[in-house]
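The structure displayed is predicted, hence computed values, not measured ones. Each chain gets a letter, A, B and so on, in the order the sequences are listed, and its residues count up from 1.
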Protein chains: 2
Amino acid sequence: MSTEFDLEQFLPYRLSLLSNRISSEIAESYRDSHQINISEWRIIAVLGQYPNSTATELKHYTAMDKVGISRALKNLTQRQLVTSENHEHDGRARKLMLTPAGNHLRTEVIPKVSACEQKLTSVLTKTEIRQFGEIIDKLLHD
Amino acid sequence: MSTEFDLEQFLPYRLSLLSNRISSEIAESYRDSHQINISEWRIIAVLGQYPNSTATELKHYTAMDKVGISRALKNLTQRQLVTSENHEHDGRARKLMLTPAGNHLRTEVIPKVSACEQKLTSVLTKTEIRQFGEIIDKLLHD
DNA sequence: ACATTATAGTTACAAATGAAACTATGTTGT
DNA sequence: ACAACATAGTTTCATTTGTAACTATAATGT
């Protein structure tokens with residue numbers, strides 16, 4: 001019968017629970033110690049990987065919307081964790097990069113979030129961790 | 001080196017992407033046709049399973065906070081999808097239940113969200129679907 | 001060249017969310 | 001009985017978030 005439906009067995013619901021729980025646990029690891037939120041952390045992480053990105057490129061890498069990026073960048077720039085330069089070929093865009101302080105924060109946070117991830121996956125076998133990653137990829141890329 | 005960190009490979013980040021994408025896709029399937037949001041849908045789904053629940057019990061089943069539940073219930077009650085009675089043993093609590101209209105909405109939405117779930121998992125093999133569920137359970141219950 | 005349309009990014013406003021204070025009822029200890 | 005504390009649920013207020021409008025620059029078509 002289609003009138004039977006068990007929310008707690010519904011995969012999207014369980015996925016949402018899991019993701020929210022993990023995200024807030026990880027966010028704790030830089031919120032209290034470094035006063036940054038998830039959006040700001042994502043931008044810092046990406047600018048470490050891809051310096052001189054524009055906001056539009058950040059949008060692509062972080063899956064955030066442009067308003068969220070603009071706001072996070074405003075804060076990060078005020079706090080001198082991020083700085084910017086004119087873009088050579090496009091007067092509308094800015095090239096963004098971490099300041100030394102921003103880069104320092106990044107190197108402090110990386111081990112914390114990595115430890116979180118490891119603690120999290122420590123209840124899984126190596127095989128399960130691999131499977132989990134593969135399944136997520138399949139679902140993300142369809 | 002701990003200064004290497006690839007956001008797009010970071011499991012919690014990918015999980016968050018996946019969960020958000022799936023949640024909004026499913027939310028579409030009742031938002032436009034039935035004008036309810038995720039919180040409201042969760043409450044309707046649970047009240048179908050567990051009629052006469054109190055708000056506190058809903059909190060347990062839906063993983064929502066009590067403010068969100070109170071607000072969702074206010075809307076649902078105004079729209080006459082949910083109704084309530086005094087609780088026999090506790091004057092502070094109310095017993096909540098779906099109205100016929102609420103129940104009807106539920107039976108209309110269930111096949112839609114189930115189809116969504118099926119479409120979603122259709123890129124996975126039966127084995128992968130089982131593995132995925134087991135891994136999520138492990139992670140949720142540690 | 002210039003009008004049209006598209007894109008980069010910001011701002012303004014509205015809706016959603018969360019934390020804390022609040023009301024009302026219930027429970028516990030003396 | 002009654003004081004102290006705990007719990008059910010709501011409301012208030014501040015913060016966050018999303019949508020739409022906006023400015024500025026770039027690209028396109030005639």
Side-chain angles (χ1 to χ4, degrees), chain A residues 16-17 19-21 23-28 30-32 35-43 46-47 50 52-79 82-97, chain B residues 16-17 19-21 23-28 30-32 35-43 46-47 50 52-79 82-97:
Chain A
S16 167
L17 281 195
S19 171
N20 291 340
R21 190 180 302 178
S23 286
S24 31
E25 191 175 329
I26 291 180
E28 252 184 65
Y30 43 73
R31 189 194 55 212
D32 298 338
Q35 284 77 50
I36 54 173
N37 61 30
I38 294 183
S39 300
E40 289 158 359
W41 165 244
R42 284 184 181 173
I43 285 174
V46 167
L47 285 182
Y50 306 106
N52 302 316
S53 296
T54 64
T56 300
E57 286 162 348
L58 286 183
K59 183 180 153 191
H60 171 252
Y61 290 127
T62 61
M64 296 166 57
D65 72 8
K66 63 181 182 175
V67 180
I69 291 184
S70 175
R71 288 197 265 243
L73 283 173
K74 191 175 175 185
N75 286 334
L76 293 171
T77 303
Q78 274 171 199
R79 293 176 55 193
V82 167
T83 186
S84 61
E85 295 177 359
N86 291 332
H87 193 285
E88 296 88 338
H89 309 303
D90 192 334
R92 299 166 300 181
R94 309 270 311 158
K95 291 195 311 185
L96 300 156
M97 60 218 68
Chain B
S16 167
L17 280 195
S19 171
N20 291 340
R21 190 179 302 178
S23 286
S24 31
E25 191 175 330
I26 291 180
E28 252 184 67
Y30 44 73
R31 190 194 54 212
D32 298 338
Q35 283 77 51
I36 54 173
N37 61 30
I38 294 183
S39 301
E40 289 159 358
W41 165 244
R42 283 185 182 173
I43 286 175
V46 167
L47 285 181
Y50 306 107
N52 302 316
S53 296
T54 64
T56 300
E57 286 161 349
L58 286 182
K59 184 180 155 193
H60 171 252
Y61 290 128
T62 62
M64 296 167 57
D65 72 8
K66 63 180 183 175
V67 180
I69 291 185
S70 175
R71 287 197 266 243
L73 283 173
K74 192 175 175 184
N75 286 333
L76 293 170
T77 303
Q78 273 172 199
R79 293 177 56 194
V82 167
T83 186
S84 62
E85 295 177 359
N86 291 333
H87 192 285
E88 296 89 339
H89 308 305
D90 192 334
R92 299 166 300 180
R94 308 271 310 158
K95 291 196 309 184
L96 299 157
M97 59 220 66

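If you check dT25(D), dA8(D), dG18(C) against the side chain of V67(B), the one that comes closest is dG18(C).
In this structure, R71(A) reaches the bases: a heavy-atom distance under 4.0 Å links it to at least one base atom across the strands shown.
Look at CG on N37(A): it is 8 Å from P on dT16(D), rounded to the nearest Å. Protein atom CG of N75(A) is 12 Å distant from nucleotide atom P of dT11(C), rounded to whole Å. The CZ-C1' distance, from R92(A) to dA8(C), rounds to 5 Å in whole Å. Whole-Å rounding puts the N86(B) CG to dG9(D) P distance at 12 Å. Atom pair L58(A):CG and dG9(C):P shows a separation of 8 Å (rounding to whole Å applied). Separating the CD atom of E40(B) from the P atom of dA16(C) is a distance of 9 Å, rounded to the nearest angstrom. When the P atom of dT7(D) is taken as reference, atom NE2 of H87(B) falls 16 Å away, rounded to whole Å. Atom NE2 of H60(B) is separated from atom P of dT7(D) by 16 Å (rounded to the nearest Å).
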Please report the C-alpha distance between N86(A) and K95(A) in whole Å, then the side-chain angles of each, then the deciding distance to 0.1 Å, and finally whether the side-chain contact (heavy atoms from CB on, under 4.5 Å) criterion is met. CA-CA 6 Å; N86(A) 291 332; K95(A) 291 195 311 185; over 6 Å; no
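Taking for each of G91(A) and E57(B) the nucleotide of DNA chain D with the nearest heavy atom, the 5'-most of the two is the partner of E57(B).
S24(A) contributes a side-chain N or O that, together with a main-chain N or O of N20(A), makes up a donor-acceptor pair within less than 3.5 Å.
Note on S70(B): every side-chain N or O is 4.0 Å or more away from OP1 and OP2 of dG9(D). Under 4.0 angstrom from either OP1 or OP2 of dT7(D) there lies no side-chain N or O belonging to T56(B).
By the salt bridge (charged side-chain N to carboxylate O under 4.0 Å, His left out) test, R92(A) pairs with D90(A), sequence neighbours left out.
A donor and an acceptor atom, one from each side chain of T62(B) and R42(B), are nowhere located under 3.5 Å apart.
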